[in-house]
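Presented below is the structure to which this report refers.
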Amino acid sequence: MLSSSRWREPDADLDNENITDYYDITITDDSMKEFRLDLRDGHIGMVSESMGENRLIAIDECEESASLLHWFEEHANRLQKGFLSVGKIFGHDSILRFPTAADTVNCSRAVTRGVEVVASSIVVPEAGLHTYSIRIRLLTPDDGDEYMTPQERGFETCQLVSRHWKISSWDNLQHDGPPNVENVRGEGVIGKYPLLFEGGFRDYETGDYGQLEEGEDTEGWFSYQSCSQVQQSPCGFIEGFLHFRPGSISEPSGDLFDVRVDPFPLKIGKPMY
């Protein structure tokens, strides 16, 4: 998911006795949510129509008088450290909200037989969802010691066949008691069956009659997003396996093998952006 927030210029008349109690700092392009600086208590809060009069405090690790400065500083710090990255949204450079592999607390990374999987999540409070992103690619010689040649890994290409997720969740932020565990299995991912090759992938989707339809070759990562309800899992972890076929589904060159997806957290992190 890409951040589509934009900065807003204050429009309050400071000489007006009926000055507003807050300033809008950012708003999403679809106006689903805003971040506001509350002039009464100094807190930055996130509000949306779906939340009614409620607000979520965006940052709470500092003195209230410094919340706005710390909020900006932490955002810049995450970008500088590479915890967030930049991508395109509607042709414009934007900040990707999903944590990168550099953020080892909030993102997981695993490599199996040359297939790399990076996974992380964000919370979307206005929709009541945890949204997670899975990024997959086949390593290339530019990746150094982790690279495996086609002879070493046993295939030139491989194609995603199915998935198995294990979702462990708690209904409290302290992780008290045993988790609720849900196992989810299915074919492909969101109706897609990407075929990986060094440097990119070929897209395959399920057609109207259940057959696989071949798409175009694309450079870089194959990535997709899905979600789970916050109400069902306020905090927890997702882990599992992606099952790949060497060669392709239509022309296999070996047995199915499991590609590990290491655990990544589902949580409401702060600061929120």
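Worth saying up front: this structure is predicted, and the values here are computed from it rather than measured.
The hydrophobic cluster around V47 extends to none of the other residues, as no ILVMFWY side-chain heavy atom falls under 4.5 Å of it.
When side chains are defined from C-beta on, I95 does not count as touching R97, because their heavy atoms never get closer than 4.5 Å. Within the 4.5 Å cutoff, the side chain of F264 has heavy atoms near those of the I134 side chain. Between Q225 and F98, some side-chain heavy-atom pair lies under the 4.5 Å cut-off. Within the 4.5 Å cutoff, side-chain heavy atoms of E73 are placed close to those of L69. At a threshold of 4.5 Å between non-hydrogen side-chain atoms, the residues S223 and I136 do not count as touching. Residues P246 and S253 form a side-chain contact, since some pair of their non-hydrogen atoms from C-beta on lies under 4.5 Å apart. Annotation: side chain of L196 is in contact with side chain of F244 (closest heavy-atom distance under 4.5 Å).
Every residue meeting the side-chain hydrogen bond (donor to acceptor under 3.5 Å, both in side chains) condition with E74, not counting sequence neighbours, appears here in chain and number order: R78. Listed by chain and residue number, E213 satisfy the side-chain hydrogen bond (donor to acceptor under 3.5 Å, both in side chains) test with Q211 (two or more places apart in sequence, or in another chain). Residues meeting the side-chain contact (heavy atoms from CB on, under 4.5 Å) test with E146, sequence neighbours left out: R109, V111, L139. A search for side-chain hydrogen bond (donor to acceptor under 3.5 Å, both in side chains) contacts involving R135 returns S120, S133, not counting sequence neighbours. Residues passing the side-chain contact (heavy atoms from CB on, under 4.5 Å) test with S248, sequence neighbours excluded: Q159, L195, S250, E251. By the side-chain hydrogen bond (donor to acceptor under 3.5 Å, both in side chains) test, N183 is found to be paired with H164, residues two or more places apart in sequence or in another chain being considered. Every residue two or more places apart in sequence or in another chain that forms a side-chain contact (heavy atoms from CB on, under 4.5 Å) with E152 is listed here: M148, T149.
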- Item | salt bridge (charged side-chain N to carboxylate O under 4.0 Å, His left out) between E214 and R202, worked out | CA-CA 8 Å; E214 183 177 348; R202 180 175 303 158; 3.4 Å; yes
- Message: Run F237 and D262 through side-chain contact (heavy atoms from CB on, under 4.5 Å) and show every step you take.
- Response: CA-CA 10 Å; F237 295 89; D262 274 353; over 6 Å; no
- Would L84 and L96 satisfy side-chain contact (heavy atoms from CB on, under 4.5 Å), going step by step from the backbone distance to the final call? CA-CA 6 Å; L84 302 175; L96 280 78; over 6 Å; no
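Note that the OG1 atom of T112 and the CG atom of L242 stand 9.0 Å from one another [nearest 0.5 Å]. Within the model, atoms CD of E182 and OG of S169 stand 8.0 Å from one another, a figure rounded to the nearest 0.5 Å. Between atom CG of residue L37 and atom OG1 of residue T26 there is a gap of 11.5 Å, rounded to the nearest 0.5 Å. One distance of note links CG of D217 with CD of E219; it measures 9.5 Å at 0.5 Å rounding. Here the CD1-CG distance, from I122 to L266, works out to 11.5 Å after rounding to the nearest 0.5 Å.
Identified under the salt bridge (charged side-chain N to carboxylate O under 4.0 Å, His left out) test for residues 236-247, with sequence neighbours left out: E239-R260. Applying the salt bridge (charged side-chain N to carboxylate O under 4.0 Å, His left out) test to pairs two or more places apart or on separate chains, those with a residue in residues 153-168 are R153-E198. Judged as a ring-ring contact (aromatic ring centres under 6.0 Å, His included), the pairs with a partner in residues 188-221 (not counting sequence neighbours) are, in order, F201-F222. Within the structure, ring-ring contact (aromatic ring centres under 6.0 Å, His included) contacts touching residues 136-161 (residues at least two apart or in different chains) are F155-F257.
No hydrogens or angles considered: nothing links the side chains of H43 and D38 as a donor-acceptor pair under 3.5 Å.
The pair D258-R113 does not meet the salt-bridge criterion, since no charged nitrogen lies less than 4.0 angstrom from a carboxylate oxygen.
Closest heavy-atom contact between I25 and W71: CG2-CZ3, 3.9 Å. The nearest pair of heavy atoms linking P265 to S121 is O-OG, 2.6 Å. Shown here for V105 and K267, the closest heavy-atom pair between the two residues is CG1-NZ, 4.2 Å. In this structure, D103 and P99 approach most closely via the heavy-atom pair OD2-CB, 3.8 Å. Across all their heavy atoms, P252 and I249 have their closest contact at CD-O, 3.7 Å.
Note on V189 and V161: separate hydrophobic clusters, where clusters join Ile, Leu, Val, Met, Phe, Trp and Tyr whose side-chain heavy atoms are under 4.5 Å apart, directly or indirectly.
Taking the six-membered ring for Trp and the full ring otherwise, the centers of W165 and F241 sit at least 6.0 Å from each other.
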